[in-house]
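Single-structure report; data block below.
Start at 1 with the first residue, then count along the sequence.
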Amino acid sequence: MGIFEPFRAIGYITSTVPFSVQRLGTETFVTVSVGKSWQIYNCAKLSLVLVGPQLSNKIRALASYRDYTFAAYGNRIGVFKRAHQVATWIRHETKVNLLLLFGEHILSVDVKGNVFIWAFKGTDENPAPVGHILLDGEFTPSCIMHPDTYLNKVILGSQDGSLQLWNISTKKKLYEFKGWKTSISCCVSSPALDVIAVGCADGKIHVHNIRFDEELVTFSQSTRGAVTALSFRTDGQPLLASGGSSGVISIWNLEKRRLQSVIRDAHDSSVISLHFFANEPVLMSTSADNSIKMWIFDTTGGDPRLLRFRSGHSAPPLCIRFYANGRHILSAGQDRAFRLFSVIQDQQSRELSQRHVTKRAKKLKLKEEEIKLKPVIAFDVAEIRERDWSNVVTCHRDTPHAYVWRLQNFVLGEHILTPSTDIKAPIKACAISSCGNFAILGTAGGWIEKFNLQSGLSRGSYVDVSEKSSAHSGEVVGVACDSTNSLLISAGYNGDIKVWSFKGRELKSKWEIGYTVVKIIYHRSNGLLATVTDDLVIRMFDVVALKLVRKFEGHTDRITDICFSEDGKWLLSCSMDGTLRIWDVILARQIDAIRVDVPITALSMSPNMDVLATTHVDQNGVYLWVNQTMFSGPTHIDSYGSGKEVVNVKLPSISSVEGSKDDVSDKPALSNSQPEAITHVTLLDQQIPDLVTLSLLPKSQWQSLINLDIIKARNKPIEPPKKPEKAPFFLPSIPSLSGEILFKASETTNDKAIQADQLDKSTRNTDFSFSPFVQFLKSSAETKNFEAYTDYLKSLSPSTLDMELRMLQIIDDDDDQEPEKRPELLVLELILEYLIHEISCRNNFEFIQALIRLFLKIHGETIRRQSKLQTKAQKLLEAQSAVWQKLDGLFQNTRCMVTFLSNSQF
């Protein structure tokens with residue numbers, strides 16, 4: 001275990017695998033691949049509804065049927081029911097490239113031409129395939145489809161241009177079509193019978209009649225590249241959509257046999273899948289640019305417009321930064337996009353607007369990539385001014401201007417910051433003052449200038465007299481401001497660090513490091529400046545004392561990024577050697593180091609210090625790591641950190657789950673095994689002294705225990721009309737065939753009462769020791785370890801827990817049986833011991849309080865009558881009073897402080 005453990009990856013929408021669409025009731029769902037995992041979106045709003053587990057290999061094909069998802073990875077096929085893997089089909093010896101849902105069967109095709117037929121209903125009983133077809137040796141399958149109304153028949157396309165019709169029931173090849181002597185990339189069935197569309201690698205689309213083996217019409221894409229996806233419109237309009245490797249979507253009119261419209265900037269990369277919704281004028285497309293889009297045909301000219309979309313970075317991010325108290329992450333990528341990712345809810349992630357890029361691209365007949373700003377190489381943000389004016393400033397590659405952004409509206413700001421120097425050098429560094437009013441820019445020519453963010457006007461430049469007309473003799477690699485707007489720190493590429501008066505702009509002090517400076521970072525709270533030099537050493541300076549205070553060595557390759565923790569006690573650094581190292585600033589030593597497979601290019605730590613975000617080489621997502629020491633004292637950091645040793649760690653997965661296990665069950669296991677004592681002590685040591693620990697349960701779960709009677713009363717159904725107790729006057733009795741009167745209401749009522757009383761007595765004498773509620777309690781009391789029992793209680797619903805406690809209720813208090821021999825009293829005594837232990841340990845505080853109230857409400861009268869239970873209840877009262885006195889003292893201190901500060905005038 002390390003200080004940071006992998007959590008999950010965000011920013012991944014789709015990959016290069018075609019999606020699978022299915023309709024359940026009135027809603028449509030699409031299953032997409034995201035590397036080694038898969039995700040399901042609801043097409044109504046493209047909201048994420050389910051994420052699959054992490055697999056061992058990348059997914060190569062997908063299929064879906066109701067709650068089942070089939071994913072081909074490597075030479076295996078995983079069968080998932082919702083997010084749980086229920087079966088694994090292993091029969092292929094090579095990689096599986098194609099999957100096809102065919103009735104109650106799944107067809108899988110590998111690269112060597114083996115076609116296996118699987119019956120997915122009853123996968124637990126029979127994981128073996130029900131059929132096998134071996135294609136010709138020269139036939140390399142590239143696509144598979146089922147023509148409508150063709151019973152037990154599929155069409156296979158090959159890379160050599162041939163097309164074959166197979167019967168999977170008889171496992172025979174029925175017909176081989178002429179083909180087009182070029183690789184077939186996709187084929188789909190049309191609403192018209194016997195007609196299919198075939199897309200080829202030469203950019204041509206062939207609409208073919210498979211019954212007569214005749215070609216009806218041929219289209220040729222205007223853009224170069226292969227036809228990668230096809231889809232027919234099914235709402236009565238004779239349209240065919242085709243996607244190419246250049247990202248262009250073409251709409252063809254089948255009646256007029258011509259091109260109707262073109263979506264030129266549909267995607268930035270190759271179109272992977274297209275799908276027209278059934279009887280709707282809506283087209284859905286996915287691409288290798290990590291996006292999924294929906295287009296609607298509702299304009300007067302019949303051209304499609306973008307309806308909704310979800311997208312992430314199409315190229316690796318360059319720099320990231322936490323925002324909004326750790327709830328969001330600002331990310332700038334090589335795809336020229338500036339994005340805001342939500343750590344909590346993926347639907348809130350979005351790209352910041354760059355002023356009508358699509359309209360300007362259409363007007364100038366250029367791609368959107370050419371209109372967008374160049375990639376961001378550095379940026380800074382001030383959350384304090386989000387509601388006032390632009391609060392983000394960005395520097396772009398080879399650009400002599402800096403741009404401002406207004407995050408409140410998610411748009412590019414109204415000002416462009418241009419230094420007043422005659423030499424138009426690119427801007428390399430930027431910083432925003434702590435007050436959020438000023439932005440400081442540093443250029444490649446050594447120029448430093450201050451701007452007002454509200455007006456966008458220059459407020460003067462910083463000039464060193466010894467450097468003639470600039471601040472530094474070389475490139476400015478970093479600038480930083482202190483917390484009081486009194487000092488400005490700048491670093492030059494040649495190794496000189498200078499401290500300026502922020503307001504007066506005169507040079508106060510400077511010193512030479514002696515090595516080329518690559519990057520600097522300044523912590524405003526402790527006044528420490530960390531520098532990265534080309535000798536792979538991190539040096540830390542006290543800016544006020546102008547003194548070297550720390551020196552960290554250990555990286556063996558170029559250091560890509562560094563950052564401070566919010567409290568300034570840790571310094572994190574990453575390098576191209578694949579390591580992430582954590583340095584303790586106070587102890588001046590390395591406390592942890594991990595190595596990942598892909599080197600880290602940028603990192604950022606949340607203000608709450610609970611999450612670390614990283615970006616990696618050739619990875620389009622942002623990876624999140626959880627701080628394991630968040631709730632432990634400083635003395636326990638050594639137990640998490642690895643010291644000088646470097647530990648190999650895998651990257652976080654998209655689903656935050658490393659695969660699914662077949663033996664996972666929602667029910668708690670009945671086990672009497674005793675946990676290790678070391679684990680128990682460690683959990684108690686992690687608790688902060690004099691505080692209580694909450695259960696982290698939903699508020700409704702523990703509050704329902706208190707108000708369960710009110711909830712039951714409100715949810716009680718309206719009673720049906722009651723049958724009259726006595727028969728009408730004209731039907732005094734019901735005669736039988738023998739002439740005897742059968743209807744005797746009084747006797748029937750008395751019999752029922754007697755039977756109910758007998759049933760009540762038999763219930764009270766029932767042995768309930770088989771109940772998991774009692775069995776867990778007894779095993780926990782024997783081992784003096786109540787943690788497993790607490791987890792069991794937290795897993796029960798409020799109504800189930802109420803029922804378990806009421807089953808122990810003693811109704812007949814006049815029973816002659818001795819109290820020591822009554823099993824209910826023994827269990828009640830164990831429950832009181834459990835409550836005393838949990839109160840003393842101050843664990844799951846709000847849940848235990850609700851449980852005590854419910855327990856006393858049900859068994860309070862029994863406890864009052866039994867002297868042994870009264871003693872236990874007295875101990876519970878003493879423990880409760882002691883814990884509450886400490887907690888109330890802390891609350892009182894807080895109240896006094898808040899009252900004092902609220903009455904003060906600053």
Side-chain angles (χ1 to χ4, degrees), residues 4 7-13 45 47-48 310-313 317-333 337-354 376 378-395 402-414 430-439 453-454 480-481 483 521-525 561-568 570 572 602-615 620-627 630-631 652 654 656 696:
F4 289 100
F7 177 43
R8 70 184 184 102
I10 60 176
Y12 285 100
I13 306 300
K45 293 184 179 180
S47 57
L48 184 64
R310 292 287 302 279
S311 62
H313 281 295
L318 294 173
C319 43
I320 55 176
R321 179 81 173 267
F322 270 98
Y323 184 75
N325 200 25
R327 297 190 303 271
H328 296 89
I329 295 177
L330 284 169
S331 172
F338 195 37
R339 293 188 171 274
L340 183 75
F341 289 107
S342 174
V343 178
I344 301 173
Q345 191 173 13
D346 291 338
Q347 283 81 354
Q348 296 179 358
S349 302
R350 60 186 302 163
E351 180 182 354
L352 273 66
S353 173
Q354 297 188 19
V376 177
F379 70 88
D380 198 10
V381 58
E383 299 186 27
I384 192 174
R385 293 300 186 183
E386 178 183 359
R387 298 179 180 272
D388 300 328
W389 50 73
S390 299
N391 62 326
V392 179
V393 58
T394 56
C395 307
Y403 294 86
V404 295
W405 305 76
R406 194 178 181 90
L407 278 189
Q408 186 182 15
N409 301 327
F410 309 106
V411 296
L412 189 66
E414 60 274 14
C430 63
I432 297 180
S433 61
S434 59
C435 62
N437 294 338
F438 302 99
L453 282 176
Q454 183 179 8
C481 304
S483 58
I521 185 170
Y522 179 74
H523 194 272
R524 288 173 176 169
S525 298
D561 199 5
I562 57 174
C563 77
F564 275 105
S565 61
E566 185 67 19
D567 58 4
W570 290 352
L572 288 76
L603 54 84
S604 177
M605 197 170 184
S606 65
N608 297 326
M609 296 177 56
D610 54 349
V611 179
L612 172 70
T614 59
T615 60
N620 295 343
V622 178
Y623 295 82
L624 304 180
W625 308 73
V626 177
N627 184 1
M630 188 62 196
F631 300 102
I654 296 172
S656 74
L696 300 181

Task: Any donor-acceptor N or O pair under 3.5 Å, side chains Asn391, Arg406 - done: no
Open item on the list: Is it the case that the side chain of Ser565 and the backbone of Trp570 share a donor-acceptor pair, with hydrogens and angles ignored and the cut-off at 3.5 Å?
Closed with: yes
Open item on the list: Could you check whether any side-chain N or O of Glu383 sits under 3.5 Å from a backbone N or O of Ala324, counting only pairs where one atom can act as donor and the other as acceptor?
Closed with: yes
Quick one: are [X] and [Y] in side-chain contact, heavy atoms under 4.5 Å?
X	Y	result
Asp380	Val392	no
Ile521	Cys563	yes
Ser604	Ile329	no
Leu453	Arg385	no
Arg339	His313	yes
Ser390	Gln454	no
Tyr323	Glu386	yes
Leu340	Leu352	yes

Task: Within 45° cone of Tyr623 ring axis and under 6.0 Å: Arg8 NZ or CZ - done: no
What's the spacing between [X] [atom1] and [Y] [atom2] if we round to 0.5 Å?
X	Y	atom1	atom2	answer
His523	Ser525	NE2	OG	4.5 Å
Ser311	Asn620	OG	CG	11.5 Å
Leu318	Ser331	CG	OG	8.5 Å
Gln354	Tyr403	CD	OH	9.5 Å

Open item on the list: With side chain to side chain contact (heavy atoms under 4.5 Å, CB included) as the criterion, how do Asp561 and Leu572 come out once you've worked through the C-alpha distance, each side chain's angles and the decisive distance to 0.1 Å?
Closed with: CA-CA 8 Å; Asp561 199 5; Leu572 288 76; over 6 Å; no
Open item on the list: How close do Ala9 and Pro652 get, counting heavy atoms only, and between which atoms?
Closed with: CB-O, 4.1 Å
- [ ] Output, in order, the C-alpha distance, side-chain angles, deciding distance and verdict of side chain to side chain contact (heavy atoms under 4.5 Å, CB included) for Phe379 and Cys319.
- [x] CA-CA 8 Å; Phe379 70 88; Cys319 43; 3.7 Å; yes
Open item on the list: Assess the residue pair Leu624 and Ile10 against the criterion (side chain to side chain contact (heavy atoms under 4.5 Å, CB included)); give the C-alpha distance rounded to whole Å, side-chain angles, the decisive distance to 0.1 Å, and a yes or no.
Closed with: CA-CA 8 Å; Leu624 304 180; Ile10 60 176; 4.2 Å; yes
- [ ] Sort out for me which residue in Phe322, Phe4, Phe564 forms a side-chain contact (heavy atoms from CB on, under 4.5 Å) with Met605.
- [x] Phe4
- [ ] Would you check if the distance from the ring center of Trp405 to the ring center of Phe338 is below 6.0 Å?
- [x] yes
Enumerate donor-acceptor pairs with a distance under 3.5 Å from any side-chain N or O in residues 606-615 to protein atoms, sequence neighbours excluded.
| from | atom 1 | to | atom 2 | distance (Å) |
| --- | --- | --- | --- | --- |
| Ser606 | OG | Met609 | N | 3.3 |
| Ser606 | OG | Asp610 | N | 3.3 |
| Ser606 | OG | Asp610 | OD1 | 2.7 |
| Ser606 | OG | Val611 | N | 3.2 |
| Ser606 | OG | Val611 | O | 3.2 |
| Thr614 | OG1 | His616 | NE2 | 2.9 |
| Thr614 | OG1 | Trp625 | NE1 | 3.0 |
| Thr615 | OG1 | Thr601 | OG1 | 2.8 |
| Thr615 | OG1 | Ala602 | N | 3.2 |

Task: Arg327 vs Ser342, side chain to side chain contact (heavy atoms under 4.5 Å, CB included): CA-CA, chis, key distance, verdict - done: CA-CA 6 Å; Arg327 297 190 303 271; Ser342 174; over 6 Å; no
